[in-house]
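Before any comments, here is the structure.
This is a predicted model, so every value here is computed, not measured.
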Amino acid sequence: MDITDKVSDSAHAAYDKIADATSQAAETLGEKGEQLKKTEQQLMKNCRSYISENPMTSVSIAVAAGFVLSRLFSRP
């Protein structure tokens with residue numbers, strides 16, 4: 001076996017390792033994306049429930065948050 005074959009085999013092995021790692025990373029990202037989506041849906045459900053159960057408190061929080069944000073963004 002000459003040096004060209006050895007280099008070629010090494011390159012193919014490195015390519016296979018990179019392809020496997022990339023595939024695993026993509027799969028993990030897909031799983032994490034699904035988990036994030038489920039968490040977001042649960043958070044929205046909890047927020048809707050809280051707002052339905054506490055409408056006056058929710059409005060008060062929204063007004064206070066709006067006031068604070070307007071003060072933060074109106075400063076030069």
Side-chain angles (χ1 to χ4, degrees):
M1 185 179 250
D2 64 344
I3 189 107
T4 306
D5 291 335
K6 288 181 182 179
V7 170
S8 177
D9 289 343
S10 295
H12 285 294
Y15 176 81
D16 289 341
K17 286 181 182 179
I18 292 170
D20 288 342
T22 304
S23 176
Q24 289 175 355
E27 185 176 325
T28 300
L29 285 174
E31 292 171 1
K32 294 297 180 184
E34 286 296 319
Q35 290 175 353
L36 183 59
K37 187 175 181 180
K38 288 178 184 177
T39 302
E40 176 194 12
Q41 290 171 349
Q42 184 63 40
L43 180 61
M44 290 302 295
K45 181 180 176 183
N46 292 345
C47 286
R48 285 187 189 109
S49 175
Y50 181 83
I51 291 169
S52 295
E53 294 170 5
N54 305 292
M56 292 306 293
T57 303
S58 301
V59 170
S60 299
I61 292 170
V63 168
F67 177 76
V68 169
L69 288 174
S70 70
R71 297 291 288 176
L72 288 174
F73 290 118
S74 67
R75 292 186 179 183

Return the CG to CG distance between L43 and L36, rounded to the nearest 0.5 Å. 10.5 Å
In this structure, CZ of R71 is separated from CG of L69 (nearest 0.5 Å) by 12.5 Å
Testing R48, Q41, Q42 one by one against M44 for a side chain to side chain contact (heavy atoms under 4.5 Å, CB included), which residue passes? R48
Under the 3.5 angstrom rule, does the side chain of S8 hit a backbone N or O of T4 as a donor-acceptor pair? no
Please answer whether the main-chain N or O of A19 pairs with a side-chain N or O of S23 as donor and acceptor at a distance below 3.5 Å. no
What is the distance from atom CD of Q24 to atom OG1 of T28, rounded to the nearest 0.5 Å? 7.0 Å
